[in-house]
Colleague: 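The following block contains the structure, expressed as structure tokens.
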Amino acid sequence: MGEVGDGGEENMAAWLLGINNLKVLPYKLPPLGPNDVRVRMKAVGICGTDVHYLKTMRMTHYVVKEPMVIGHECAGIIEELGSEVKSLAVGDRVAVEPGMTCGRCKYCKAGRYNLCDDTKSLGLPPIHGSLANQLVHPADLCFKLPDNVNLEEGAMCEPLSVGVHACRRANINPETNVLIVGAGTIGLVTMFTARAFGSPRIVIADVDEQRLLIAKSLGADEFVKVSPSIEDLDQEVEQIKKAMGSDIDVTFDCAGFSKTMSTALNATRTGGKICLVGMGHNEMTIPLTSAVAAREVDIIGAFRYKETWPLCIELIRSGKIDVKPLITHRFGFSQEEVEEAFEVSARGGKAIKISLSSYLFSFSPFLISYHDKTKNERGS
């Protein structure tokens, strides 16, 4: 687990101590196990979940009850190997998958380890995260980066994995027209992935015109600005259908509210599919009978990710997905810059992904901020 260190040359980390109280303090690493590696962090992204913990000390049923190192979107360089590690070498640049599962339950054995009830994930209370100079992590969750994929892109594999898992769940292919509701980070990486999987037409909807303009510049075919009001639903669904110009085969709800799911249910064609990615509300009031029972619209969930890092790395390496435009802000790892990075990420606006970078400071990682990644989106 690690613990607060006693100063000197200790590893440093960003500790969440209370609401709006984030301090860079010493962090004593746990011992290196035989199947672990020690990684020098070089890129750490700020997720909307991280911001929400800072503002409220909780996310759904996960509550921060004691000081915790924050962060989970990361990449770095291997500095030490456990005695049994053969797949990596000191000096390798790696992207880190944050979730550690039991490997023994029925879900793990069936290959659906993202559903493991005993998951321990970086930055998920009470597990310490990755916003630190160094990290000890299982070697099999560290993935070597090709020469043409930089460490910033490696850190982006975490949010991109959400889009990859969602598109796999929805079976996106060259015959699938896609609607994405929510143009924040997860909506954007889902859009990137759907296109890489062959979707011929993608329409995106959001309440924020700035987000929509960014989505359009990054590859959406059309966008529709919607309102938070349920009263506008019927008119907006007609606008969305007109923008698509044909049937909507799959809708991704990347927000997770009653209004966004109602939009998805009414816009998706008979026999189509909805993938719920966002977790804005735990409970919703939605028109299930008319869509699901009468029109056989399937609803599926997408929770975290599984076996996505190799594909994410290949999609970036091959140029099929370019995540670099999402990285808009970079900060060093001083107390002042960490605080500023979180403030910028919380404000949203033109910020997409904020990064803390050792490219700027030789002793520390960097924070990346993605566009408006707010609490209503699923990062991990």
Side-chain angles (χ1 to χ4, degrees), residues 1-2 30-39 47 49 59-63 71-75 78 81-88 92 94-130 135-145 154-155 157-173 186 189-190 193 196-197 250 252-253 256 273-279 282 298-315 378-380:
M1 283 286 293
L32 187 74
N35 296 302
D36 295 334
V37 291
R38 180 167 55 83
V39 186
C47 172
T49 302
M59 170 64 73
T60 62
H61 60 284
Y62 294 104
V63 181
H72 60 274
E73 304 175 357
C74 55
I78 301 291
L81 305 174
S83 59
E84 299 298 318
V85 176
K86 309 300 182 186
S87 59
L88 295 167
D92 283 348
V94 295
V96 176
E97 181 174 354
M100 297 159 278
T101 56
C102 75
R104 299 180 300 275
C105 70
K106 62 182 179 181
Y107 301 111
C108 287
K109 288 181 177 180
R112 302 185 72 180
Y113 66 81
N114 58 307
L115 303 179
C116 175
D117 290 330
D118 194 29
T119 297
K120 295 177 174 61
S121 189
L122 296 175
L124 186 70
I127 306 303
H128 291 305
S130 60
L135 173 73
V136 169
H137 203 62
D140 63 356
L141 295 176
C142 297
F143 298 86
K144 187 175 178 179
L145 296 173
C157 286
E158 198 280 339
L160 182 58
S161 284
V162 177
V164 167
H165 181 60
C167 286
R168 281 174 167 173
R169 290 278 290 152
N171 192 29
I172 301 303
N173 61 66
I186 299 305
V189 294
T190 302
T193 308
F197 281 21
V250 173
F252 293 96
D253 182 354
K273 189 178 297 183
I274 295 168
C275 184
L276 177 58
V277 186
M279 295 180 68
N282 287 335
D298 295 337
I299 300 177
I300 59 173
F303 185 61
R304 295 187 180 128
Y305 28 67
K306 64 182 184 72
E307 299 176 353
T308 51
W309 260 253
L311 179 56
C312 288
I313 291 170
E314 175 56 23
L315 289 169
R378 282 280 298 287
S380 64

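Computation of the quantities below employed the complete heavy-atom set of this structure, encompassing side-chain atoms and omitting hydrogens, waters and symmetry-equivalent molecules.
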Colleague: Please report the shortest heavy-atom distance between Cys142 and Val37, naming the atom on each side.
Modeller: SG-CG2, 3.7 Å

Colleague: Hey, could you give me the OG/CG distance between Ser87 and Asn35, rounded to the nearest 0.5 Å?
Modeller: 9.5 Å

Colleague: To the nearest 0.5 Å, what is the distance between CE (Met279) and CZ (Phe303)?
Modeller: 6.5 Å

Colleague: Can you name the nearest heavy-atom pair linking Cys47 to Glu73, along with the distance?
Modeller: CB-OE2, 3.2 Å

Colleague: Minimum heavy-atom separation for Leu276 and Gly256, please, with both atom names.
Modeller: CD1-CA, 4.0 Å

Colleague: Give the table of side-chain donor-acceptor pairs shorter than 3.5 Å for residues 99-110, with sequence neighbours excluded, one pair per line with atom names and distance.
Modeller:
unit_1: Arg104; atom_1: NH1; unit_2: Cys102; atom_2: O; d: 3.2

Colleague: Please find the pair of heavy atoms, one from Ala302 and one from Cys275, that lie closest to each other, and give the distance.
Modeller: CB-SG, 3.7 Å

Colleague: Give the intermediate values and the outcome of side chain to side chain contact (heavy atoms under 4.5 Å, CB included) for residues Asn114 and Arg112.
Modeller: CA-CA 5 Å; Asn114 58 307; Arg112 302 185 72 180; 4.0 Å; yes

Colleague: For Phe252 and Ile172: C-alpha separation, side-chain torsions, deciding distance, then whether side chain to side chain contact (heavy atoms under 4.5 Å, CB included) applies.
Modeller: CA-CA 11 Å; Phe252 293 96; Ile172 301 303; 3.7 Å; yes

Colleague: How far apart are the C-alpha atoms of Val85 and Ile78, what are their side-chain angles, what is the distance that settles it, and do they pass the side chain to side chain contact (heavy atoms under 4.5 Å, CB included) test?
Modeller: CA-CA 12 Å; Val85 176; Ile78 301 291; over 6 Å; no

Colleague: Show your working on side chain to side chain contact (heavy atoms under 4.5 Å, CB included) between His165 and Lys306 and close with a plain yes or no.
Modeller: CA-CA 7 Å; His165 181 60; Lys306 64 182 184 72; 4.2 Å; yes

Colleague: Could you go through Tyr113 and Glu307, starting from their C-alpha distance and side-chain angles, then the distance that decides it, and tell me whether this counts as side chain to side chain donor-acceptor pair (under 3.5 Å)?
Modeller: CA-CA 9 Å; Tyr113 66 81; Glu307 299 176 353; 5.8 Å; no

Colleague: Look up atom CG in Leu145 and atom CH2 in Trp309, then write down how far apart they are to the nearest 0.5 Å.
Modeller: 12.0 Å

Colleague: Once you round to the nearest 0.5 Å, how far does CZ of Arg304 lie from OG1 of Thr119?
Modeller: 5.0 Å

Colleague: So which atom in Leu88 and which in Ala139 form the shortest heavy-atom distance, rounded to 0.1 Å?
Modeller: CD1-O, 3.8 Å

Colleague: Please round to the nearest 0.5 Å and tell me the distance separating atom CD of Glu158 and atom OG of Ser130.
Modeller: 9.0 Å

Colleague: Tell me, do Ile127 and Ser121 make a side-chain contact under 4.5 Å, heavy atoms counted?
Modeller: no

Colleague: Taking atom CD of Glu97 and atom CG of Asp140, what is their separation to the nearest 0.5 Å?
Modeller: 8.5 Å

Colleague: Using a 4.5 Å cut-off on heavy atoms from C-beta on, say whether the side chain of Leu124 contacts that of His72.
Modeller: no

Colleague: Does a side-chain N-to-carboxylate-O contact under 4.0 Å join Asp36 and Arg38?
Modeller: no

Colleague: Check Pro31 against Val136 and note the closest heavy-atom contact, atom names and distance.
Modeller: O-CG1, 4.1 Å

Colleague: What I'd like to find out is whether the side chain of Leu311 reaches to under 4.5 Å of the side chain of Tyr305, using heavy atoms alone.
Modeller: no

Colleague: Within a strict 4.5 Å, meaning less than it, do heavy atoms of the Val162 and Val277 side chains meet?
Modeller: yes

